[in-house]
There are 2 protein chains.
Amino acid sequence: MAKRESNVDRVYEALRRMAADFAFKPDQRINESALSEVLGASRTPLREALNRLVAEGFLTFQNNRGFFCRPLTPSYIMDLYEARVAVECEATRLACTRASDEDIAALADYLNRMEPEYQSATDPEALLAMDESFHARLAQLSGNSELQRILNNLNGRIRYIRLIDLKRLRDRARGKAPGDISAHRQIVEGIAARNAEAATAAMRSHIEKRREEATEAVRIAFSQLYVPDE
Amino acid sequence: MAKRESNVDRVYEALRRMAADFAFKPDQRINESALSEVLGASRTPLREALNRLVAEGFLTFQNNRGFFCRPLTPSYIMDLYEARVAVECEATRLACTRASDEDIAALADYLNRMEPEYQSATDPEALLAMDESFHARLAQLSGNSELQRILNNLNGRIRYIRLIDLKRLRDRARGKAPGDISAHRQIVEGIAARNAEAATAAMRSHIEKRREEATEAVRIAFSQLYVPDE
DNA sequence: GAATTCCAAACTGCATACAATTCTGACAAG
DNA sequence: CTTGTCAGAATTGTATGCAGTTTGGAATTC
């Protein structure tokens, strides 16, 4: 009887996904009327959802001109990766002093259970889902919900680029596992040993390795976004 | 002729300030009609602004029940302080390798010029403004606008507690300067020496010293918010 | 041909109206 | 005294309409 989810929430979820996937091209202007028809809602709830996404950095807004997709530039993506370093390293540090042995063991266990799938999966979407899931679980060990919240936001905006990055890893190293689970394992070992320096160093180098590919990944992103096929 | 600022923006700014100052009491339900009259706008732009603030963590939202002020608990405030550590330490680290000598000198200079005012000021609002300004400038030196954005958001939500904290410092140490500018100076010196370890360590201990007071500050916050006078 | 002006069409900004849901408190039953 | 129920009041959810602004391109000028 009671509607569990409002129209705004539904529209918001749909838009977040679209914005994350760059269904709106970088800097593209968004037509409210057209979009409201596609989403089956009037402009009022649509605009409420759009405003949330502006506040989260997925979209931008200009007075009397409406909503636009966020830009896509190497420096923007670098900023996001650097912010991830900030958030995830601190989360790792906190996990070292705060997480229970059981919770750490559970994360290590998760890594072990996932490994076969990790090794065999070739679908970048699946790989990314597992990767994000690991990082999210780790952030949970920090016990800090703000860090988790920020990380979730950063992940949404960086997702498209990480997907490209994973695709490249797969294509470059045929036969080798694209997801370097060893880096994840190293981080968890550091936490298990309650060695904050080792754990954060591992996390930092893990993320920064990906960051270095950002410029190239952005270039590929543009070619994908503006070329009709595949 | 052209309106520079939309109604939504004006309402948003007003609401952000109100939310930061806990003009809405923690967990208090917000009445849209009443608020729209106070702010001189209809519910449509009001709700758009409210949605932005939900996305930024200043407010919460429940379906069919409307908007509520964010809660105020020690653990929530601790989380915010810890997130500040994450963001500001990484910003400091980046500043060490990235900021120009001139920019670092300018920050040191700002600190010197502010010192007399810092020492003499007793108004917590003024002290906090200077403190926030220093931290914002430092974040600028990182060259990372995401870190700046996140810091700005955290500062807004933690502001009320920091204000109380400064008031306590002033009242406890009569005659002594409440703003310990020495900590700030130490951070800048670390950056000037391009010594990331020293600079981030100074930043970390600076913020964590404040964090330790959080529980007590929250207690005071509640007594202020729910007692008529003072 | 390039730059400028101007107008109609398209779009955004916002108030309002009404439907849907939740809240309040009076009353009844246990 | 507590719990349950129910109708009316209050509040939120969303569609719609219109005013104000921007946009795109035809007409005009240099």
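Each chain gets a letter, A, B and so on, in the order the sequences are listed, and its residues count up from 1.
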Task: For atom CZ of A/Phe61 and atom P of D/dT21, their distance in whole Å - done: 14 Å
- [ ] Please list residues of residues 48-57 of chain A whose heavy atoms come under 4.0 Å from any atom in DNA chain D, ordered by number; otherwise none.
- [x] none
Task: Side chain to side chain, A/Tyr118 and A/His184, heavy atoms closer than 4.5 Å - done: yes
TODO: Please determine, for the side chain of B/Ala41, which listed nucleotide (C/dG13, D/dG13, C/dA15) has the closest atom?
DONE: C/dA15
- [ ] Kindly indicate whether a cation-pi arrangement holds for A/Arg137 with A/Tyr110, taking the cut-offs as under 6.0 Å to the six-membered ring centre and within 45° of the axis.
- [x] yes
Open item on the list: Using side-chain heavy atoms (C-beta onward) and a distance below 4.5 Å, is B/Glu213 in contact with B/Tyr81?
Closed with: no
- [ ] Could you check how far CZ of A/Arg10 sits from P of D/dG13, rounded to whole Å?
- [x] 15 Å
Open item on the list: Return whichever of B/Thr44 or B/Glu32 has its heavy-atom-nearest nucleotide of DNA chain D closer to the 5' end.
Closed with: B/Glu32
Task: Side chains of B/Tyr12 and B/Arg17 in contact at under 4.5 Å (non-hydrogen atoms) - done: no
TODO: Establish, with yes or no, whether the OP1 or OP2 oxygen of D/dT14 is under 4.0 angstrom from a side-chain nitrogen or oxygen of A/Arg43.
DONE: no
Task: Quiz item: cation-pi between B/Arg47 and B/Phe67, 6.0 Å / 45° - done: no
Task: Whole-Å gap separating C1' (C/dT21) and CD (B/Gln62) - done: 14 Å
Open item on the list: Please determine whether the number of non-hydrogen atoms from other residues, nucleotides or ligands lying under 6.0 Å from atom NZ of A/Lys25 exceeds 12.
Closed with: yes
- [ ] Output yes when at least one side-chain N/O atom of B/Arg65 is less than 4.0 Å from OP1 or OP2 of D/dT11, else no.
- [x] no
Task: Gap between atoms CD and P, on B/Glu37 and C/dT16 respectively (whole Å) - done: 11 Å
Task: Phosphate contact (D/dT14 OP1 or OP2) by A/Asn7 side-chain N/O below 4.0 Å - done: yes
Open item on the list: How many whole angstroms separate atom CZ of B/Phe68 from atom P of D/dT11?
Closed with: 13 Å
Task: Residue whose nearest DNA chain C nucleotide is more 5′ - B/Arg29 or B/Ser42 - done: B/Ser42
TODO: Would you kindly give the CG-to-C1' distance between B/Leu46 and D/dT11, to the nearest whole Å?
DONE: 13 Å
Task: Side-chain N or O of B/Asn31 closer than 4.0 Å to phosphate OP1/OP2 of D/dT11 - done: yes
TODO: Check every strand shown and say whether A/Phe67 touches a base, only sugar-phosphate, or nothing at a heavy-atom separation below 4.0 Å.
DONE: nothing
- [ ] Take atom CG of B/Asn63 and atom P of C/dA20, then tell me their distance rounded to the nearest Å.
- [x] 15 Å
TODO: Grab the CD-C1' distance between B/Glu5 and C/dG13 for me, whole Å please.
DONE: 14 Å
Task: Sub-4.5 Å side-chain heavy-atom contact between A/Asn64 and B/Ser6 - done: no
Open item on the list: Please classify the nucleic acid contact of A/Ile30 as base, sugar-phosphate, or nothing, using heavy-atom distances under 4.0 Å.
Closed with: sugar-phosphate
